[in-house]
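What follows is a single structure, written as structure tokens, with notes after it.
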Amino acid sequence: MKSVYKITLLFGITILVSSCHNNAEPNYQYFPNMYESVGYETYSESNAFKNGKEGQLPAEGTINRGFEPFEYENSTAGYELAKANLKSPLDSLSRDSDKGKELFEIYCTSCHGASGNGKGKLVEREKFLGVPSYKDRVITEGSIFHVITYGLNSMGSHANQLSAHERWLVTDYVLKLKSEL
């Protein structure tokens, strides 16, 4: 008789356990927000902030990590001031002509040409016109750095692609090309 009770009890527990199992869904979720996160729309309304929007401007007075402020403004006066006064901070040990050449070939050759003569592939295909040769321009370290940082005429800024140190390396290489023309 005891074995009939044991078998009945075991059968009952088996049915109870198997009836709770569903192959389509997991049985229990601990911390469901880890699996099913709440999606927020960037510009949707929210009670989390005072102005009721999800997307917020950075706090006033903050700057991006790694940002190096440039003391000359993006204007003709800033260009002329940089041309007259700005000097390269690179010393003889930190000037790397090979790295400058590599960066020049990546970012500048398509318009300015490999020798700086203003006859790059895009100029030859007439995508851009009027790219000057370096030998025809009165340029200094400061003017080159200013133009790479802010851009000039059809040339856009390269400040997002090149760090300040890399811009100085390209500047050094451009002056080297100017001396060879």
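- Counted within 6.0 Å of CD on Glu45, heavy atoms from surrounding residues, nucleotides or ligands total 12 or fewer; the atom is thus considered open.
- If you take NZ on Lys87 and CH2 on Trp168, they are separated by 9.0 Å, rounding to the nearest 0.5 Å.
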**OP:** Evaluate the side chain to side chain contact (heavy atoms under 4.5 Å, CB included) criterion for residues Thr171 and Ser88: first the C-alpha distance (whole Å), next the side-chain angles of each, then the deciding distance (0.1 Å), finally the verdict.
**Re:** CA-CA 9 Å; Thr171 298; Ser88 174; over 6 Å; no

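- For Lys176 (side chain) and Lys101 (main-chain N/O), no donor-acceptor pair under 3.5 Å exists by modelled atom type.
- Rounding to the nearest 0.5 Å places CG of Leu175 at 11.5 Å from CD of Glu180.
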Original post:
Where do Leu169 and His165 land on the side chain to side chain contact (heavy atoms under 4.5 Å, CB included) test, with the steps shown first?
Top reply: CA-CA 6 Å; Leu169 291 175; His165 178 73; 3.7 Å; yes

N/O donor-acceptor pairs under 3.5 Å from side chains in residues 111-134, not counting sequence neighbours:
| residue | atom | partner | partner atom | Å |
| --- | --- | --- | --- | --- |
| Asn117 | OD1 | Lys119 | N | 3.1 |
| Ser133 | OG | Lys135 | N | 3.4 |

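- For the atom pair Ile13 CD1 and Thr8 OG1, the distance stands at 11.0 Å (nearest 0.5 Å).
- Going from atom OG1 of Thr76 over to atom CG of Leu81 covers 12.0 Å, rounded to the nearest 0.5 Å.
- Shortest non-hydrogen contact noted between Arg95 and Asp172 is NH1-OD1, 2.8 Å.
- Listed here is the closest heavy atom pair of Thr62 and Ala59: OG1-O, 2.7 Å.
- A distance of 7.5 Å separates SG in Cys108 from CG in Leu162, rounded to the nearest 0.5 Å.
- At least one donor-acceptor pair closer than 3.5 Å links the side chain of Thr109 to the backbone N or O of Phe104.
- Taking both residues in full, the closest heavy atoms of Lys178 and Arg137 are given as NZ-O, 2.9 Å, listed atom of the first, atom of the second, then distance.
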When the side chains of residues 144-157 are checked against the rest of the protein, which donor-acceptor pairs come out under 3.5 Å, sequence neighbours left out?
| residue | atom | partner | partner atom | Å |
| --- | --- | --- | --- | --- |
| His146 | NE2 | Glu73 | O | 3.0 |
| Thr149 | OG1 | Phe145 | O | 2.7 |
| Thr149 | OG1 | Arg167 | NE | 3.2 |
| Tyr150 | OH | Tyr72 | O | 2.7 |
| Ser157 | OG | Thr149 | O | 2.4 |
| Ser157 | OG | Ala159 | N | 3.1 |

